[in-house]
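Inspection log for the structure reproduced underneath, given as C-alpha cells.
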Amino acid sequence: MKEVRVRFAPSPTGPLHIGGVRTALYNYLFAKKHGGKFLLRIEDTDQTRFVPGAEEYIIEALNWCGVSYDEGVGIGGPHAPYRQSERKDLYRKYADQLVNEGHAYYAFDTAEDLELMRERLKARGVATPQYDVFTRGEMVNSLTLSPDETAERLKSGDTYVIRILIPENEEVLVNDLIRGEVKVHSSRLDDKVLFKSDGMPTYHMANIVDDHLMEITHVIRGEEWLPSAPLHVLLYRYLGWEPPLFAHLPLLLKPDGNGKLSKRDGDRLGFPVFPLRWTDPVSGEVSSGYRESGYLPDAFVNMLALLGWNPGTEQEIFSMEELTAAFSLERVGKSGSKFDPEKAKWFNHHYLSNSNTNDVAQLLATILAGKGIKAPETLILQVSDIVKERAVLIPDLWEQSWFFFQAPEIFEEKTVQKFWKPDSPALLVKIIDLLKTIDNFSVENVDLAVKTFIHDNELGMGVVMNTLRLVLVGGSFGPGVAAIISLLGKDEAVIRIDKAIKRLSL
RNA sequence: GGUCCGUUCGUCUAACGGUUAGGACGCCAGGUUUUCAUCCUGGUAAUAGGGGUUCGAUUCCCCUACGGACUACCA
C-alpha cells in the first residue's frame, strides 16, 4: 500500500484560527495513525494578500500545539520548495498543457468587461452570472477569437488569464470520505481562472499541481472547499493524474447563533479564537491567543480534537499519542460544531489539576520570575501541589497563591467587617503562643494543633479559621488555613499575625 | 437567487432497524469543607415537521422547514 501523505496548506494572510488548527491537527493525526507523512505548504499565490509575520505565526502555532510536520516550509524535504511563490515556474507548463489539449483557453477580458457581462446577465434575469458555457461565447477569448487574433494578442503582450473549459453536459462526481458521493452538474460550474494575468496560478491550479507533485494521497480540508472540489476532480482528469481521496471537514461554528466562527466572535464573547496572540501589522490591533490566556497546549489540542470527531467510546481525555491511535476519518461528523468556550476551560482545569506537580511548579516559577520574585524551589513545589486543582487557567496559579510569596498589604474590607471582632486580638495572641509550641510544622501537625485548640477552648471553627485566614492572606480566599500556616512557616506566620493585630486594632 | 452540504438534550456527541435514546460540558439540588474553588452524589434536558418503506424507525427514502458553505484574475 502506498504511503499516506497529507498536507496542511494555509495561506499566510493572517493568524491561523482554531478551525485551521483543527484541520492541521486532523491531518497530522491521520498521517501519524497510518505511519505516513504530514507536510506544511504555504499557499501564497496571491501576492496582494501577503501579511508579514503570518507564515511565522502559523509555524509557531503548530509547534505550540505539538503538531509537527515531516516536510515543509522551514524544514524542507524531498519536494522543496514548499512555498508556492517559490514554485512559480512549475505551474505554467501544466496550464499550457491544458490549453494545448483543449481543456483550457486564453481569456483577454478586462475587469470592466467582466463587470459588464455580469450586469448584462442580471438585466436579462440570470441569477448567477458566470463565465461559463452560456457566456464564454460572447467574451473575448481564444474560443471566440480567430487563432491569428489570439496569437497576435498574445504576442503583443495583451494581459490575459487562462481559464478551464468546463465540459458542457456531464455529472461530475466527487467521492468524499466524510460525505459520500457528491454530484454536481457541469453546467453549474464556471470556467474558473487557472492562471492569473500576473503570472501566478490561482489556488485551484497550484493546489492540484502541488498535491500531485508532492504525492499527496488524501486531501483533508475544510468544508468551504467542497463546492470547488468538482473543479479539482476535473483538473486531475485533464492532467491525466490520479486524484487523491478527499475529506471535507465540517465547519467550526460560533458559540451563539449560527455561522462560521470568526475573529469577531472572540472579541464579542470574550474568548480567544486564535492559538497564539496576534498583533495586526497594519492596524496594530491585538487578538488574544490560547497560549497567552493560560491554556495548556495539551488541553487545547484535546478540546479541539473532540470538536467534530469522537472516538466512539466514552473516553474524552486524550494525549496526542492516544488521539493518534484512536483517530479515524470515519468518526468525523458531518455537521458543523459550535465552539464552546466553557468546555475549553473545563479541559484546561482538568489538565492543570492532573498535571505532574513538577510541571505546574515550572509554570508557577515562570510567573514568579516574570514578577521578579525569588522563592525557594521547595516552596514553589509545595504551593503548586495544593494550588493546581484550584486553577482553571495558568494565571490562576498566581491568583491563588501570591500571598505565599509576599505579605498582604491590605485587608479586604468585607472580610474584616465579618470576622474582625473586639476579642480577635486576644484570640490571635493565643494562637501565636500555640504556633510557637509546634515543633514539626507540617500541615498535619498544624491542622491538628489548631483544631485541638479550637475544641479545647470551645471556640467556633469558622470564626477562628476565617480570622486566621484574614490576617494571614488579607481576605477570604486561598487554600486551607493549615496549609497556609505550614507553608508560610512558623516565623512568617507569627509575624503576619502580629502585624495584623496591630494594624487592625487601630 | 443558484449550487452543494447539513439537522439527536442549551452545547459537544453516542446509539451504523429493536436501548427506560447513553456520556460529557453547562445549569439546578444535596453532600464534603475554615473562605472560594475542587471533589462526590443526584437531577434537568433531545431525535425539526410531515409523509412513506418496515412487524418495528433517531437510524432507510421523499417532501417541507430551518441552518450553513460556496457563488473573485482570494485562498
Side-chain angles (χ1 to χ4, degrees), chain A residues 9-13 43-46 48-49 107 109-111 114 122 125-131 159-163 174 176 178-179 182-185 187-190 192-198 200-204 206-207 222-230 248 250-251 253 255-260 303 306-316 330-331 333-347 349 353 388-392 396 400 415 418-419 447 450-451 454 460-470 473 475-482 484:
Chain A
S11 178
T13 53
E43 310 229 326
D44 57 349
T45 52
D46 185 356
T48 64
R49 293 216 307 166
D109 314 275
T110 63
L114 294 172
K122 272 186 185 160
V126 179
T128 40
Q130 293 193 133
Y131 206 117
T159 61
Y160 64 91
V161 299
I162 294 175
R163 286 179 181 272
V174 178
D176 188 275
I178 293 171
R179 282 150 225 285
V182 177
K183 240 190 302 190
V184 182
H185 193 86
S187 63
R188 300 298 169 188
L189 268 24
D190 63 333
K192 279 270 184 304
V193 170
L194 264 19
F195 218 83
K196 300 185 274 188
S197 56
D198 65 359
M200 278 292 223
T202 59
Y203 166 81
H204 302 296
N207 124 81
E223 191 184 351
E224 67 268 27
W225 293 109
L226 192 52
S228 55
H248 289 94
L251 264 18
L253 275 17
D256 61 338
N258 293 103
K260 199 155 72 157
M303 176 271 299
L306 258 12
L307 229 42
W309 169 84
N310 76 82
T313 66
E314 286 182 357
Q315 182 179 355
E316 53 193 340
E330 289 74 55
R331 297 208 67 90
K334 292 174 168 50
S335 51
S337 310
K338 284 188 188 178
F339 179 73
D340 182 1
E342 287 306 316
K343 193 127 187 185
K345 285 185 190 164
W346 177 82
F347 270 109
H349 174 257
S353 50
K388 65 179 186 182
E389 68 189 26
R390 310 172 69 84
V392 173
D396 295 336
Q400 295 284 346
T415 313
K418 196 167 175 192
F419 293 108
D447 192 48
V450 175
K451 280 180 178 161
I454 290 169
M461 185 85 126
V463 176
V464 177
M465 291 299 194
N466 284 305
T467 306
L468 262 173
R469 176 184 295 283
L470 166 67
V473 307
S476 174
F477 45 76
V481 169
I484 294 172

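In what follows, chains carry the letters A, B, and so on, assigned in the order in which the sequence lines appear, proteins first and then strands, with residues in each chain numbered from 1. Values in this document were obtained by computation on a predicted structure and should not be read as measured data.
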Between N or O atoms, less than 3.5 Å apart, protein on one side and nucleotides 35-40 of chain B on the other: list the pairs.
unit_1: B/U35; atom_1: O4'; unit_2: A/Asn466; atom_2: OD1; d: 3.1
unit_1: B/U35; atom_1: O2'; unit_2: A/Ser476; atom_2: O; d: 3.4
unit_1: B/U35; atom_1: O2'; unit_2: A/Ser476; atom_2: OG; d: 2.4
unit_1: B/U35; atom_1: O2; unit_2: A/Ser476; atom_2: O; d: 3.3
unit_1: B/U35; atom_1: O2; unit_2: A/Phe477; atom_2: N; d: 3.3
unit_1: B/U35; atom_1: N3; unit_2: A/Arg469; atom_2: NH1; d: 3.2
unit_1: B/U35; atom_1: N3; unit_2: A/Arg469; atom_2: NH2; d: 3.2
unit_1: B/U35; atom_1: N3; unit_2: A/Gly478; atom_2: O; d: 2.5
unit_1: B/U35; atom_1: O4; unit_2: A/Arg469; atom_2: NH2; d: 3.1
unit_1: B/U35; atom_1: O4; unit_2: A/Gly478; atom_2: O; d: 2.9
unit_1: B/U35; atom_1: O4; unit_2: A/Pro479; atom_2: O; d: 3.2
unit_1: B/C36; atom_1: O2; unit_2: A/Arg390; atom_2: NH2; d: 2.2
unit_1: B/C36; atom_1: N3; unit_2: A/Arg390; atom_2: NH1; d: 3.3
unit_1: B/C36; atom_1: N3; unit_2: A/Arg390; atom_2: NH2; d: 2.4
unit_1: B/A37; atom_1: N3; unit_2: A/Arg390; atom_2: NH1; d: 3.4

Exercise for review: State whether the side chain of A/Asp176 and the backbone N or O of A/His248 hold a donor-acceptor pair below 3.5 Å, judged by distance alone.
Suggested key: yes
Practice item. Examine distances only and state if a side-chain atom of A/Thr45 and a backbone atom of A/Met200 form a donor-acceptor pair shorter than 3.5 Å. Key: no
**Study point:** Close side-chain approach of A/Val450 and A/Met465, heavy atoms under 4.5 Å
**Key:** yes
Exercise for review: Sticking with atom C1', work out how far B/A65 lies from B/G26, rounded to a whole angstrom.
Suggested key: 29 Å
Check your understanding: Roughly how many Å is it from CZ in A/Arg179 to P in B/U3, rounded to a whole number?
Key -> 19 Å
Check your understanding: What is the ring orientation for A/Trp225 with A/His204, classed by angle as parallel under 30°, tilted 30 to 60°, or perpendicular over 60°?
Key -> perpendicular
Check your understanding: What distance, rounded to whole Å, do you find between the two P atoms, one in B/U44 and one in B/G10?
Key -> 14 Å
Point to revise | Identity of whatever pairs with B/A69 - Watson-Crick or G-U, under 3.5 angstrom | key: B/U3
Check your understanding: Quick one: does A/Ser11's side chain have a donor or acceptor within less than 3.5 Å of a partner on A/Glu43's backbone?
Key -> yes
**Study point:** P-based separation of B/G52 from B/U59 [nearest Å]
**Key:** 15 Å
Under 3.5 Å, which protein N or O atoms sit close to an N or O of nucleotides 28-33 of chain B? Give each pair with its distance.
none

Review point. Toward the 5' end of RNA chain B, which comes first, A/Asp447 or A/Arg188, by nearest nucleotide?
Key: A/Arg188
Exercise for review: For A/Arg469 and A/Ile484, indicate whether the former's side chain and the latter's backbone hold a donor-acceptor pair under 3.5 Å.
Suggested key: no
**Study point:** Test item: A/Val463 and A/Thr467 side chains (from C-beta on) under 4.5 Å apart, heavy atoms
**Key:** yes
Check your understanding: Considering only the P atoms, how many Å lie between B/U58 and B/G49, rounded to the nearest integer?
Key -> 10 Å
Check your understanding: P atom, B/C40 versus B/G23: distance in rounded Å?
Key -> 15 Å
Revision key, fill the gap. Any strand, both distances under 3.5 Å, Watson-Crick or G-U wobble: B/C25 pairs with B/G10
Below 3.5 Å is the cut-off: list the nitrogen or oxygen pairs between protein and nucleotides 65-75 of chain B, distance only.
unit_1: B/G67; atom_1: O2'; unit_2: A/Asn258; atom_2: ND2; d: 3.4
unit_1: B/A69; atom_1: OP1; unit_2: A/Lys260; atom_2: N; d: 3.4
unit_1: B/C70; atom_1: OP1; unit_2: A/Lys260; atom_2: NZ; d: 3.3
unit_1: B/C73; atom_1: OP2; unit_2: A/Arg163; atom_2: NH2; d: 3.4
unit_1: B/C73; atom_1: O2; unit_2: A/Ser197; atom_2: N; d: 2.8
unit_1: B/C73; atom_1: O2; unit_2: A/Ser197; atom_2: OG; d: 2.7
unit_1: B/C73; atom_1: N3; unit_2: A/Ser197; atom_2: OG; d: 2.9
unit_1: B/C73; atom_1: N4; unit_2: A/Asp109; atom_2: O; d: 3.3
unit_1: B/C74; atom_1: OP2; unit_2: A/Lys196; atom_2: NZ; d: 3.3
unit_1: B/C74; atom_1: O2'; unit_2: A/Asp46; atom_2: OD2; d: 3.2
unit_1: B/C74; atom_1: O2'; unit_2: A/Arg49; atom_2: NE; d: 3.2
unit_1: B/C74; atom_1: O2'; unit_2: A/Arg49; atom_2: NH2; d: 3.3
unit_1: B/C74; atom_1: O2; unit_2: A/Arg49; atom_2: NH1; d: 3.4
unit_1: B/C74; atom_1: O2; unit_2: A/Arg49; atom_2: NH2; d: 3.3
unit_1: B/A75; atom_1: OP1; unit_2: A/Thr45; atom_2: OG1; d: 2.8
unit_1: B/A75; atom_1: OP1; unit_2: A/Lys196; atom_2: NZ; d: 2.9
unit_1: B/A75; atom_1: OP2; unit_2: A/Tyr203; atom_2: N; d: 3.1
unit_1: B/A75; atom_1: O3'; unit_2: A/Glu43; atom_2: OE1; d: 3.1

Check your understanding: What's the closest nucleotide to the A/Glu314 side chain, out of B/C4, B/U11, B/G23?
Key -> B/G23
**Study point:** Interatomic distance at P, B/C66 relative to B/G31, whole Å
**Key:** 48 Å
Study note, to complete from the structure: pair_partner(B/U54), Watson-Crick or wobble, both distances < 3.5 Å, evaluates to none
Exercise for review: Look at atom NZ of A/Lys345 and say whether more than 12 heavy atoms of other residues, nucleotides or ligands are closer to it than 6.0 Å.
Suggested key: no
Please list each protein N or O that sits under 3.5 Å from an N or O in nucleotides 13-15 of chain B, with the distance.
unit_1: B/U13; atom_1: OP1; unit_2: A/Gly308; atom_2: N; d: 2.8
unit_1: B/U13; atom_1: OP1; unit_2: A/Ser337; atom_2: OG; d: 2.4
unit_1: B/U13; atom_1: O3'; unit_2: A/Asn310; atom_2: ND2; d: 2.9
unit_1: B/A14; atom_1: OP1; unit_2: A/Asn310; atom_2: ND2; d: 2.5
unit_1: B/A14; atom_1: O3'; unit_2: A/Arg331; atom_2: NH2; d: 3.2
unit_1: B/A15; atom_1: OP1; unit_2: A/Arg331; atom_2: NH2; d: 3.2

Revision key, fill the gap. All heavy atoms of A/Phe419 vs all of A/Gly462, minimum pair found to be CE2-O, 4.1 Å
Revision key, fill the gap. A/Ser197 and A/Val161 have their tightest heavy-atom pair at N-CG1, 3.7 Å
Revision key, fill the gap. Residue set satisfying side chain to side chain donor-acceptor pair (under 3.5 Å) with A/Asn310, at least two apart, ordered chain then number -> A/Arg331
Review point. Roughly how far, to the nearest 0.5 Å, is NZ of A/Lys418 from CG of A/Leu470?
Key: 11.5 Å
Check your understanding: So which nucleotide does B/C36 pair with, by the Watson-Crick or G-U wobble rule with both distances under 3.5 Å?
Key -> none
Check your understanding: Distance between the C1' atoms of B/U54 and B/C9, in whole angstroms?
Key -> 28 Å
Study note, to complete from the structure: Under a 3.5 Å limit on both distances, the Watson-Crick or wobble mate of B/A46 is none
Review point. What is the minimum heavy-atom distance between A/Lys451 and A/Met461, and which atoms define it?
Key: CE-CE, 3.3 Å
Revision key, fill the gap. When both distances are under 3.5 Å in a Watson-Crick or G-U wobble arrangement, the nucleotide paired with B/U20 is none
Review point. Hey, does A/Lys345 reach any base, or is it just sugar-phosphate, or nothing, if we go heavy atoms under 4.0 Å?
Key: nothing
Exercise for review: Can you tell me, in whole Å, how much space there is between the P of B/G18 and that of B/C25?
Suggested key: 28 Å
Check your understanding: Separation of A/Asp340 atom CG from B/C27 atom P, in whole Å?
Key -> 11 Å
Check your understanding: Which atom pair, heavy atoms only, marks the closest approach of A/Phe339 to A/Leu307?
Key -> CD1-CD2, 3.5 Å
**Study point:** Between B/G2 (P) and A/Lys122 (NZ): distance, integer Å
**Key:** 15 Å
Practice item. State which residues pass side chain to side chain donor-acceptor pair (under 3.5 Å) with A/Asp340; sequence neighbours excluded, sorted by chain then number. Key: none
Check your understanding: Which whole-number value in Å describes the distance from A/Glu316 CD to B/G23 C1'?
Key -> 7 Å
